[in-house]
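Residue numbers start from 1 in every chain, and the chains themselves are labelled A, B, ... in the order their sequence lines are given, proteins ahead of strands.
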Amino acid sequence: MNAITLMVVRRLGQLIPVALVATFVVFSLVFLMPGDPAIIMAGEYATPERIAEIRKIHGFDQPMLVQYLTWLWKAVHFDLGTSLYSSEEVAQLIVDRLPHTILLVVYALVLGSIVGIPLGIAAATRQGSTLDKLITTVASLGVAIPNFWLGIILVTMFALSWHVFPATGAVSFGENPFEAIYYATLPAIALSVGVVAVLARQVRSALLEVLGSQYIRTLRAKGLGSGAILWKHGLRNVAVTMLTIAGLQVNRLFSSAVILEAVFAVPGVGNLISYSALNKDIPVVQGIALMLVVVVILTNLLVDVLNAILDPRVAAST
Amino acid sequence: MTMGSSKRLPNITRRAMLAGTAAIGGSLVLPAQARAQAPQPTTGGTLRVAMPYNPAALDPLTGRNNPDFNTLFAIYDALIDFDPNTLELKPMLAKSWTFTDPTTLVLELVEGVEFHDGEPFNAEAVVFHLERCMNYARSNVKSDVASIDKVEATGPYQVTIRTKHPDASLPAALSDRPGCIVSPKSVKEAADGNVDRNPVGTGPFKFVEWRDNDLIKVEKNTNYWQDGQPYLNAIEFRIINELNTAARTVMAGQSDVALNLAAQQIAIARRDENVVAEATPSLIYYTSFLNYAEGPLSDVRIRQAMNWALNREDLNRVLVLGLGQGHCSMFPTGFWANDPETENYYTHDLDRAKKLLAEAGVPNGVEIQTWSWPDQAAVQRQEVISSQLAQAGIRLKVTPVPPAQAMQNFLDEKKGHQLLSPTGGLPDPSITYDRQFSGNAYRNAGKIELPGFRELMDASLSTFEPEPRQKVMYRMQRFVLENALHLPQYMSASMTVRTPRLHEFVFGLLNRPKFHKVWLEQA
Amino acid sequence: MTDTHMTIPAATTAPARSLPAPNRFRFWAWLRSDKRAAISLAYLTLLVLAALLAPYIAPYPPNEQNLLDLLMPPSQAHWLGTDDLGRDTLSRLLYGAHNALYAAFLAVGIGVAIGVPVGVFIGFVGGWVDELMSRVIDGILAFPPLVLAVAVTGALGIGLTNAMIAVGFAFAPVLARTMRAQTLVVKNALYVEAAQGFGASRMHLILRHILPNAIQPVIVEVTLMLAVALLAEAGLSFLSLGVQPPESSWGGMLARAYHYVEVAPAQMYAPGLAILFTALAFNALGESIRVLLDPTVKRG
């Protein structure tokens with residue numbers, strides 16, 4: 001365990017500068033906006049006094065570095081400002097909405113893994129067969145299909161035509177877990193297609209590499225059956241890869257969730273950030289971007305830890 | 001909790017949806033009056049309301065948006081009530097109101113009323129409240145009560161208001177936000193006098209909780225001053241941002257009524273026999289604010305040309321599926337201030353439009369810089385309007401910006417010539433004209449008044465008798481249209497979907513429901 | 001955004017080679033042998049032609065509204081039906097192709113313009129510059145790509161160009177990383193050779209050989225990125241952040257069609273399929289190029 005703790009510490013050391021860069025990018029968004037940020041934040045009915053007041057509150061007259069550090073300091077204390085549009089606190093908005101997005105992402109990841117990994121294994125073990133070709137084609141499709149279009153099709157078929165699932169909306173998990181999952185199923189399916197495609201492909205090629213390796217050939221020569229080879233040695237070796245890939249998918253899942261939440265009217269952070277971007281509600285945009293980046297970074301760290309537990313060599317080499 | 005009926009909804013045909021009034025139902029019909037044998041109200045039950053907007057605040061003074069009113073009249077009573085379909089004023093907390101002279105309004109208050117926190121409702125409370133409307137730093141209703149000079153309690157249940165100039169619209173203002181009396185005790189006990197999230201009034205329901213963007217709960221005020229009311233035990237207002245989702249919760253039986261809907265949802269809901277979809281006249285209209293002080297639109301002929309170029313029936317048919325009203329008045333057909341003679345002052349006449357442009361010296365057309373909102377519905381509106389105007393040679397150069405910024409760009413910074421925007425929904429026509437066309441009105445970009453306006457405006461405020469006042473309103477309507485002070489497009493509709501078990505629910509012209517007499521058939 | 005190729009940097013590193021011999025690339029032979037490349041290239045060529053010739057081949061002006069024929073199903077007059085304002089879907093699809101391709105190439109172009117030089121520079125210079133910039137790259141890559149694009153677009157202001165600039169920002173670090181890796185590979189190989197007594201300017205040799213050699217995986221990546229950029233543009237336009245009306249865009253058409261999906265579901269197929277096929281074509285072409293440049297890497 002000690003090696004793992006050391007690894008975590010080392011990784012944190014690497015991740016902190018990354019986090020700082022990411023937070024700086026989020027912070028500097030407000031400066032990308034054409035025009036004076038103070039005027040924009042003052043909103044309608046703004047008097048020159050109010051604008052000056054905002055300038056002072058937000059410290060727009062300070063040098064950029066000072067502004068960044070102040071903003072960061074507040075952010076770390078969960079003070080992310082207030083929405084220009086609704087005057088609600090950004091942190092509260094995020095707390096209310098993030099669970100919906102997380103439910104979708106986790107659900108999609110689980111679905112995608114349950115479907116994608118076996119597909120990849122099947123394709124690898126029957127390399128060159130029709131099944132393999134079919135799976136590969138499906139994987140290519142899964143990567144190219146616009147998943148919001150797939151979402152629309154799912155809504156049309158499974159919700160509006162055959163009333164199997166609700167078309168839009170969401171229920172919070174805390175309120176009623178079963179309803180929550182029921183409502184989240186269609187969007188999660190649409191979201192998971194990309195994961196299935198990537199996992200199927202990567203698991204297939206990783207497994208092929210391992211199965212074709214010298215190590216496995218030796219085992220085969222020694223007379224070990226295919227089944228044992230596959231399960232005990234083949235998969236063990238790709239487990240780390242699989243986990244890494246799954247972890248990396250979290251990033252793109254949050255990305256796709258932005259659009260899918262719009263399609264399915266899920267009141268999550270993805271929906272809110274696009275709505276806020278449309279309305280130039282910069283504090284909300286910044287708050288959500290910041291939160292998601294932190295979640296992604298922490299997820300990657302978690303994946304590293306899990307990998308290290310699975311395969312101690314990883315801890316040593318990180 | 002079941003989701004959706006297993007019965008498949010007949011597919012709504014394109015033809016049916018677009019056939020307009022015939023298939024979908026008349027928009028000009030006021031809701032049915034009491035049926036021959038009205039069922040008896042039953043008490044009890046919790047009403048579940050689905051609404052798309054989260055209020056900014058539940059303090060009537062600090063909120064900004066009309067949809068806040070979905071909840072306000074549950075918690076607050078106003079001094080003066082109004083008929084939801086005609087806006088005729090009726091007694092409420094003020095059992096009578098009289099202008100003893102043009103600048104003095106005397107209110108006689110109801111006795112024996114208590115706020116939810118037990119404080120007595122009396123003249124002192126009203127004075128405190130009205131002064132707060134005028135002086136509280138965060139009050140957004142200062143302009144509503146701008147005509148008030150002094151308020152005083154001239155008896156334990158009598159309030160005298162002196163105004164700076166005659167203001168016939170003041171009673172209507174007292175049926176609006178300024179009239180929703182907030183408990184002085186709650187204000188005094190709140191930090192910074194901020195009761196945004198802890199509303200205390202005298203209304204039929206008491207505030208229970210508010211989870212932002214999720215749920216507002218209120219429960220029956222057992223101490224309510226009007227006997228027998230309310231019938232409901234509680235109301236849950238659920239905030240569902242997306243309109244289709246909100247409507248679907250009613251069809252699935254998870255809500256009892258969905259508010260502030262758009263034409264799409266009505267069309268689809270009308271196919272479901274289990275729900276009642278209603279589209280009734282509304283005071284909200286879609287128009288463009290014009291800057292007629294400078295730029296191409298300072299020429300009245302160009303403004304008139306724009307008005308002639310629009311085909312309002314098409315706008316109504318395409319954008320609101322025929323559920324609104326396609327005419328150029330600022331008020332719905334049948335409303336007391338709407339002059340039927342000038343309701344269709346402008347019809348679709350491209351030749352006339354082109355002739356006017358030629359007279360104005362721009363026979364080859366003109367470019368108008370326009371602000372519009374970025375959401376899908378606004379984009380669709382802008383596309384149709386642009387196409388119609390383009391046929392007369394008036395080319396719109398549209399920049400989509402969010403509402404707050406659009407207002408700022410156009411009204412504060414005076415950039416651009418036109419802003420497409422819905423507006424209206426005010427309790428008195430004088431207020432409507434004042435807010436849009438008075439020289440110092442926020443929505444008047446050019447900040448000028450054309451000659452003749454001020455006289456009409458003053459007349460509308462100083463004429464107290466209904467019939468003469470109506471004549472003034474007719475003249476004002478004609479004035480606005482002749483001078484093409486704006487580009488009216490169509491009247492909207494008040495649209496809701498509800499379960500047939502819900503009775504006495506009226507969304508009304510102002511989209512401000514009152515729940516005093518609303519009742520639910522128990523299942 | 002779908003981005004298989006962005007996941008594992010190792011997968012895009014070509015095995016080290018010594019200086020390549022200039023090879024005469026037999027284009028038509030390649031197409032004959034690789035059906036997938038042939039089909040996708042044919043499709044893309046047709047698409048580019050359609051986009052360029054749209055003003056001549058579109059049956060109707062794309063913005064011409066016909067308020068009497070709203071949401072019509074496909075018919076002789078309108079092969080793909082009409083949309084919610086009576087505009088011909090086929091014409092809008094053709095004009096939308098123009099926006100789609102412009103968007104994809106703009107975003108990737110920006111990504112290349114920023115990412116490639118940065119990647120070469122830090123790979124070449126190494127040291128603390130490399131360390132620092134790699135952290136910066138990691139920092140930007142930590143963002144879910146569409147979240148970054150949405151945020152930047154929100155700040156810059158909505159519109160196609162701004163949206164694609166935002167997407168380009170999201171691409172740049174990926175390309176920078178690839179170029180850096182390639183630069184390192186070539187640099188090490190050459191350094192050894194150069195150190196063995198060429199004498200001529202190391203910088204000159206490296207520049208003359210890094211770019212041509214390192215560029216090969218980048219070509220693959222760029223082609224795959226075009227698919228991603230296309231999907232990103234469609235997504236951003238779907239959210240009303242990208243192409244602004246009345247200009248047509250496939251994503252925008254899809255958004256409008258979705259609004260009316262209970263009345264005229266047919267309208268959502270044309271733009272959706274257009275996006276799907278084009279993304280597929282870019283992907284397929286990218287994969288074929290990858291196989292072409294490095295046949296030892298069998299991706300199937």
Side-chain angles (χ1 to χ4, degrees), chain B residues 9-20 24 242-244 247-248 251 262-265 267-272 311 313-319 321-322 348 372-391 395-402 405 409, chain C residues 60-75 78 81-89 92 150 153-163 236-249 251-267:
Chain B
L9 292 180
N11 276 332
I12 177 172
T13 62
R14 189 199 126 263
R15 199 189 309 269
M17 190 188 92
L18 300 169
I24 291 178
E242 206 265 318
L243 297 180
N244 283 317
R248 285 190 193 114
M251 299 192 275
Q264 273 293 324
Q265 290 81 46
I268 292 166
R270 287 232 162 113
R271 288 303 175 197
D272 186 344
N311 183 334
E313 264 123 39
D314 270 356
L315 291 178
N316 184 25
R317 187 169 56 82
V318 174
L319 300 175
L321 303 180
H348 180 56
S372 173
W373 297 354
D375 62 278
Q376 280 288 338
V379 162
Q380 195 189 35
R381 270 196 305 275
Q382 168 265 104
E383 287 182 307
V384 182
I385 293 170
S386 295
S387 164
Q388 289 186 349
L389 292 176
Q391 289 173 25
R395 293 175 298 278
L396 296 191
K397 184 160 173 306
V398 180
T399 314
V401 278
Q405 184 151 13
N409 291 352
Chain C
Y60 297 84
N63 296 332
E64 183 182 78
Q65 298 174 8
N66 183 352
L67 298 182
L68 293 170
D69 280 331
L70 309 178
L71 295 168
M72 307 252 357
S75 64
H78 297 276
T82 61
D83 73 354
D84 58 298
L85 294 181
R87 297 174 293 200
D88 179 47
T89 303
R92 288 182 72 74
V150 165
T153 309
L156 287 176
I158 60 184
L160 178 59
T161 313
N162 283 344
L236 288 170
S237 298
F238 184 83
L239 295 172
S240 302
L241 293 168
V243 172
Q244 294 301 311
E247 288 208 36
S248 57
S249 104
M253 289 169 74
L254 210 48
R256 205 54 90 71
Y258 184 42
H259 199 62
Y260 290 93
V261 76
E262 288 187 67
V263 181
Q267 283 302 308

Residue pair Pro245(C) / Gln382(B): nearest heavy atoms and the distance that separates them: O-NE2, 4.5 Å

Calculate, to the nearest 0.5 Å, the distance between atoms CD and CG belonging to Gln380(B) and Asp83(C) respectively. 9.0 Å

Is any side-chain heavy atom of Val379(B) closer than 4.5 Å to a side-chain heavy atom of Arg256(C)? yes

Lys/Arg-Asp/Glu bridge criterion (N-O < 4.0 Å) met for Arg271(B), Glu262(C): no

Closest non-hydrogen atom pair between Val318(B) and Leu67(C), with its separation: CG2-CD2, 3.8 Å

Which atom pair, heavy atoms only, marks the closest approach of Gln65(C) to Val384(B)? OE1-CA, 3.5 Å

Is chain B contacted by the side chain of Leu85(C), its backbone, both, or neither, given a heavy-atom distance below 4.5 Å? side chain

Which heavy atom in Ser240(C) sits nearest to a heavy atom in Gln376(B), and how many Å separate them? OG-NE2, 3.5 Å

Distance check, rounded to the nearest 0.5 Å: Asn244(B) atom CG versus His259(C) atom NE2? 7.0 Å

Which bit of Gln388(B) comes within less than 4.5 Å of chain C, counting heavy atoms only: side chain, backbone, both or neither? side chain

